[in-house]
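Values reported hereafter were calculated over all heavy atoms of this structure, with side chains retained and with hydrogens, waters and symmetry mates removed. Computed from a prediction, not measured in an experiment: that's the story for all the values here.
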Amino acid sequence: LPQETTTLDTNVSVCLSCSPGNIIGSGIFISPKGVLEHAGSVGLSLIVWVCGGGICALGSMCYAELGVTIPKSGGDYSYVTEIFGGLVGFLLLWSAVLIMYPTTLAVIALTFSNYVLQPAFQNCVPPYLATRLLSTICILFLTWVNCSSVRWATRIQDVFTVAKLLALGLIIAVGLVQICRGHYDALRPSQAFEFTRDPSVGQIALAFLQASFAFSGWNFLNYVTEEVVEPRKNLPRAIYISIPLVTLVYTLTNIAYFSSMTPEELLASNAVAVTFGEKLLGVFSWVMPISVALSTFGGINGYLFTSSRLCFSGAREGHLPYLLAMIHLKNCTPIPALLVCCGATIVILCIGETHNLINYVSFINFLSYGVTIAGLLYYRWKRPNLLRPIKVSVLVPISYLVFWAVLLGFSLYSEPVVCGMGIVIMLTGVPVYFVGVHWKNKPRCVYRVVEQLTVSVSTLIRQNDMLPSPYQH
């Protein structure tokens, strides 16, 4: 068969990745509460948002150099595998498949269910079982969509991006009107830096972790580097446009929240944008939960799309079971990889609370970012004469790594259980790597079991409609 009929149709996703819309997601509707809680004051929380954008800019400049120096799709995983070898690359892949993507999907799905259910439970938190059930239904439905058609999935992404921008535009516009009317008491310097408790470096580090969740997505363009036209020009262009724009939008959104809510009201709210709408939009307050729900719905769809690509890439490189590199013959979708992502997300849905999950996934995210950017410095030393179409100042990666070390150290000190659990799960990949990948001469019975499982699952999905990726040949 021609290659275009059996490979993933991903060209449409490249355009989405190039835009700020890929960074702006449900995080801005989730993280403000966590940032304020850990920062302890309105003023410091706004500083965290601005500095968080600056840190992302430093990281994305490093990723731009890596993207054109190692022009492979797959992002962090591809770069770390190329620089440090199979074990470190596998651990990054292992943590992404088991922790980063499923946990992020679980957080966004819980936000979706909270915003859908909050209008029906105005004076209390929506029931635990109801939020988990609705989140699971949403994950299952979008998994089915992504399994059925890449075109449907990308159309959903396009349509629901509009809802996301509508919600943020409405919040910012109403907030600016409030400020023009003189309603900005919480933003006055005399009140903005009134701390509810004594600030500590550990709590500020956790505030940065909460904010970083909203900025996640700044490196998604590196997952499709091979499909980007003229990456030497377009990678830096995407960085210089998107990061400042996203930082501005996030800062203005938080200022708008504080123009209508006291810090106590924001911390007490289970759905910040819904509370904002109820206070200022009157009979039109229903617009806000619907817009945010649609935004998070699109966010889930986007993360499912990206996470399945990573599983596919890992299986293509031999770091994950061959089954995950198989695609549907007619739909050209990686159904086994999507089902794995769906199952892992549903498990995490049942065992975590939203803000703890954010700390959990943000810690592992920052850990992987730091390892990748440290790889940039090591690669310069290891391959000094390699052509680098983009080469950032050495101060950029060093500055990022200094911040990275301080942030992770104090986060681990403040939340040893939540952050330590992520490290433990990542390290469980070491024996898995040596048994599953490094050990080449396994007993024949092991290969027979894997082969039988591959055939059974592919037959179960649809007889004769599963094909291995052409990259396997």
Side-chain angles (χ1 to χ4, degrees), residues 25-34 36-37 99-147 156 159-160 163-164 166-167 171 210 213-214 257 261 264-279 281 283-304 307 338-362 418:
S26 59
I28 188 57
F29 305 114
I30 308 168
S31 297
K33 178 178 177 179
L36 178 62
E37 181 180 356
I99 303 173
M100 286 191 284
Y101 279 109
T103 305
T104 302
L105 280 164
V107 170
I108 301 174
L110 288 173
T111 305
F112 167 80
S113 59
N114 277 326
Y115 272 92
V116 169
L117 296 172
Q118 191 62 47
F121 298 91
Q122 295 184 2
N123 299 319
C124 62
V125 176
Y128 177 91
L129 185 59
T131 57
R132 267 60 185 180
L133 182 60
L134 183 58
S135 298
T136 301
I137 292 171
C138 177
I139 292 290
L140 290 172
F141 173 74
L142 286 173
T143 301
W144 173 76
V145 169
N146 277 269
C147 288
I156 285 176
V159 170
F160 286 91
K164 170 172 55 183
L166 172 65
I171 290 171
Q210 291 283 328
F213 180 78
Y257 287 148
M261 288 183 281
E264 292 75 20
E265 287 175 326
L266 193 147
L267 291 173
S269 174
N270 191 51
V272 177
V274 170
T275 305
F276 178 88
E278 289 172 348
K279 293 197 67 173
L281 299 181
V283 294
F284 295 103
S285 60
W286 54 269
V287 172
M288 197 55 63
I290 290 177
S291 298
V292 177
L294 294 177
S295 168
T296 51
F297 190 81
I300 296 167
N301 179 73
Y303 267 92
L304 270 174
S307 60
L338 282 163
L339 293 178
V340 167
C341 296
C342 174
T345 302
I346 291 173
V347 170
I348 291 176
L349 271 176
C350 302
I351 60 175
E353 183 271 330
T354 302
H355 290 287
N356 282 337
L357 287 177
I358 291 176
N359 286 339
Y360 180 55
V361 70
S362 297
V418 173

> Could you give the distance from CZ (Phe276) to CD (Glu265), rounded to the nearest 0.5 Å?
Replying inline: 12.0 Å

>> Distance check, rounded to the nearest 0.5 Å: Leu105 atom CG versus Ile139 atom CD1?
In response: 5.0 Å

Using modelled atom types and a 3.5 Å cut-off, is there a donor and acceptor pairing between side-chain atoms of [X] and backbone atoms of [Y]?
X	Y	result
Thr296	Val292	yes
Thr131	Tyr128	yes
Ser362	Gln210	no

[X] to [Y] - nearest heavy-atom pair and separation:
X	Y	value
Leu142	Asn301	CD1-N, 3.8 Å
Leu304	Leu338	O-CD2, 3.8 Å
Thr275	Ser269	OG1-OG, 2.6 Å
Ile171	Ala273	CD1-CB, 4.2 Å
Ala293	Val116	CB-CG2, 3.7 Å
Ile28	Ala214	N-CB, 3.9 Å

> Should Phe112 and Ser135 be marked as a side chain to side chain contact (heavy atoms under 4.5 Å, CB included) after you check the CA-CA gap, both sets of side-chain angles, and the distance that decides it?
Replying inline: CA-CA 7 Å; Phe112 167 80; Ser135 298; 5.7 Å; no

>> Set out, in order, the CA-CA distance, both residues' side-chain angles and the distance that settles side chain to side chain contact (heavy atoms under 4.5 Å, CB included) for Thr104 and Phe213, then state yes or no.
In response: CA-CA 9 Å; Thr104 302; Phe213 180 78; 3.9 Å; yes

> Angle class for the Tyr115/Phe29 ring planes (parallel below 30°, perpendicular above 60°, tilted otherwise)?
Replying inline: perpendicular

